[in-house]
Protein chains: 2
Amino acid sequence: MPKPTFFRLAEPKRKRLIKAAYDEFSRASFQDASISNIIKDAGIPRGSFYQYFEDKSDIFFYLLDRTRTQTEDLYKQVMQAHDGDLFGMAADFFDKAVEKLLKGPHREFYANVFLYMDFHNAAHFSSMPKKTAPAQPHKKVFLDYTLDHLDRSKLKVKSDEDVAMLFRQVMWVFMQSIGYYYSRRKNGENVTTTALKARMAKMLDWLQYGVAIAEEEVHD
Amino acid sequence: MPKPTFFRLAEPKRKRLIKAAYDEFSRASFQDASISNIIKDAGIPRGSFYQYFEDKSDIFFYLLDRTRTQTEDLYKQVMQAHDGDLFGMAADFFDKAVEKLLKGPHREFYANVFLYMDFHNAAHFSSMPKKTAPAQPHKKVFLDYTLDHLDRSKLKVKSDEDVAMLFRQVMWVFMQSIGYYYSRRKNGENVTTTALKARMAKMLDWLQYGVAIAEEEVHD
DNA sequence: GCGTATAATGACAAGTTGTCACATGACATA
DNA sequence: TATGTCATGTGACAACTTGTCATTATACGC
C-alpha cells in the first residue's frame, strides 16, 4: 500500500505519478520497468518517490488493486444475477471482463500483467497483498464471495476447500485465456474477442460436464 | 542455448559452473539471482561467463532444459504404458514427476521455478525456447507426442487444437498443484505428497467427468 | 513572528549487467 | 625452435539500477 503521504498529495501531482506508472508498466514488464523512468516522466525527485511508495512492487500493486476493486463489484453483480450458478456466472463475467481488459484504456498494462504474472503474484488477483501479512485488511473478496453465494446444489463440489479449488480452476480458464490472447498478439496473430470467448466457453463446458464421452454415448 | 565454447570446456570447470548456477537459482528467484554470485561461486571471471552464455536467461533455461529432456522421456514411457489414455497417464505421470521435483536434489531450484514462473515462460516447459525463433531445433515434444499418441476415442475432444487445449488444462492441474505445494511450504505448512496427489486426482476427475451432477443423479 | 511537524530534494553508496581491448594459451607449419 | 593464427581468458569499465539520508523548504497552529 502507498504511504499516507501519497494520499495527501495534491490531485495533479498524484495523477501525474499514476499516469507515469501506468505508462512505464505498459511499456515494460514489471521486472524491466524502472522507478527511474517513472519519476523522470512524472517529474518528481527520486527521494519523493520513496516518500510515497515502499518500492516498485508497491506502486505496481496499487495500480492493480484499483482494477481489482472495480472488478470485484462487477463479479458480485454478475454472481447475484445468476443466482449463484457458477458456470452461468462465469460465462457472463468473462465476457464483460474480457472487454474491459482487452479493449480498455489500460490494455497494454494488462498485457504485461498477464504475460509476466507468476504463481506467486497470481494470488493478488483473487486474493490480497502479501506485504500486509499481519492483520490483513481486505480478504480474498472473490473467493469469499463465491463461498458465500455459490449454489452448490447442482455441483459435486461441496466443501469450502473443494469450492476454492474449483474456483481457482475456473479463474485459471480465464487467466490462461487472457494470457493466450496476449501471447498470440505478441507473435503478430490477433485473436478476436469472439474466438477468445468461444475458447473460454469450451473449457468451461469441459469442466462442467467433463471431456469423457458418457457411457451411453459411446459408439464403437 | 549456451555458446559452443561452453560445451568445449573442461569437465570440472563446466560442472563447477553448472553447480554454481543451480545453487544461485536455488537461493533466489530468477529475478533476484545474479550472475555476479554465480561467477563468484564458480570462480570464473566475468568476461568468461559471457563467452559461454548469452545472459542470465540463457543459463537458467539451460538448467531447465536438462530437466525437461529427462522428463520428456518419462512422459513418453508413461503415455505408452497407458495406451494413450490421457487420464490414466496423467495420474501416473504426475505421481512420478512429483517425487522427482519435490524430493529430488534440485527441489529448491524447482521451488523457485514454480513459484516465479510466469505465463510467458511457462511455455518453456511444454514448449521450446523462445530465443531460437527461426528454425526451431526441438519442437514442443510433450504436446507433439500427445497429439500423435493420445487415444481420442473416449474423449469429446477430437481436433488437434482441442487436444492442445485439453493438454494445457491437464498440465495446468499439475503445475498449479506444484505451485500450491511450494506456496504452502513457504508459509510454513507442509503438504504431504499423498495429499498433493489426491488433490491432483480430484481435479483430474473433475476435468474427466465434470463437476456438474449428472441429470439422473439429482436429488431434491 | 516563531516553532514544530511534515514533505521535498538530490547526491550518494552499493549493487547490477554487458562490453571490449588486451593477454594468454594451444597448435600447426615452416 | 620460431612464427602465425585462432580460440579463450581476463578484469577494468561504462552505464545503468535501487534505496537512503542529511539537509532544506514549506505549511500550519499559536
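It should be emphasised that the depicted structure is a prediction, and the values quoted were computed from it without experimental measurement. So that the names make sense, note that chain A is the first sequence line, chain B the second, and so on, each numbered from 1.
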Exercise. Name all residues meeting the side chain to side chain contact (heavy atoms under 4.5 Å, CB included) criterion together with B:D95; count only those two or more places apart in sequence or in a different chain, and write none if there are none.
Key: B:K197
Quiz item: Between atom OH of A:Y50 and atom CD1 of A:I35, what is the distance when rounded to the nearest 0.5 Å?
Solution: 3.5 Å
Exercise. Show the numbers, then the answer: is there a side-chain hydrogen bond (donor to acceptor under 3.5 Å, both in side chains) between A:T146 and A:Y75?
Key: CA-CA 9 Å; A:T146 306; A:Y75 186 80; 2.6 Å; yes
Quiz item: With a 4.0 Å cut-off, would you call B:D65 and B:R68 a salt bridge?
Solution: yes
Quiz item: Can A:R199 be said to sit on top of A:Y180's aromatic six-ring, NZ or CZ under 6.0 Å from centre and within 45° of the ring axis?
Solution: yes
Exercise. Give me the ring orientation class for B:F93 and B:F174: parallel if the planes are under 30° apart, tilted from 30 to 60°, perpendicular past 60°.
Key: tilted
Return the polar atom pairs (N/O with N/O) between nucleotides 19-24 of chain D and the protein under 3.5 Å, or none.
{"from": "D:dG19", "atom 1": "OP2", "to": "A:Y50", "atom 2": "OH", "distance (Å)": "2.6"}
{"from": "D:dG19", "atom 1": "N7", "to": "A:R46", "atom 2": "NE", "distance (Å)": "2.9"}
{"from": "D:dG19", "atom 1": "O6", "to": "A:R46", "atom 2": "NE", "distance (Å)": "3.2"}

Quiz item: Is A:D23 salt-bridged to A:R27, cutoff N-O under 4.0 Å?
Solution: no
Quiz prompt | Distance-minimising heavy-atom pair for B:K13 and B:I44 | solution = CE-CG2, 3.8 Å
Quiz prompt | Qualifying residues under side chain to side chain contact (heavy atoms under 4.5 Å, CB included), relative to B:A20, sequence neighbours excluded | solution = B:I38, B:D41, B:A42
Exercise. Within residues 14-32 of chain B, find the residues that approach DNA chain C with a heavy atom at under 4.0 Å, and present them sorted by residue number.
Key: none
Quiz item: Using a cut-off of 4.0 Å on non-hydrogen atoms, how would the nucleic acid contact of A:S36 be classed: base, sugar-phosphate, or nothing?
Solution: base
Please enumerate all protein N or O atoms sitting under 3.5 Å from an N or O of nucleotides 7-9 of chain D, with distances to 0.1 Å.
{"from": "D:dT8", "atom 1": "OP1", "to": "B:R8", "atom 2": "NH1", "distance (Å)": "2.2"}
{"from": "D:dT8", "atom 1": "OP2", "to": "B:T5", "atom 2": "OG1", "distance (Å)": "3.3"}
{"from": "D:dT8", "atom 1": "OP2", "to": "B:R8", "atom 2": "NH1", "distance (Å)": "3.1"}
{"from": "D:dG9", "atom 1": "OP1", "to": "B:K13", "atom 2": "NZ", "distance (Å)": "3.2"}
{"from": "D:dG9", "atom 1": "OP2", "to": "B:Y52", "atom 2": "OH", "distance (Å)": "2.8"}
{"from": "D:dG9", "atom 1": "N7", "to": "B:Q51", "atom 2": "OE1", "distance (Å)": "3.4"}

Quiz prompt | Start and end of the DNA chain C segment that chain B contacts, any atom under 4.0 Å from a heavy atom | solution = C:dT16 to C:dT19
Quiz prompt | Lys/Arg-Asp/Glu bridge criterion (N-O < 4.0 Å) met for A:R185, A:E108 | solution = yes
Quiz item: Under the 3.5 angstrom rule, does the side chain of B:K100 hit a backbone N or O of B:R107 as a donor-acceptor pair?
Solution: no
Self-check item: Modelled atom types, side-chain donor and acceptor of A:Y181 and A:T193, under 3.5 Å
Solution: no
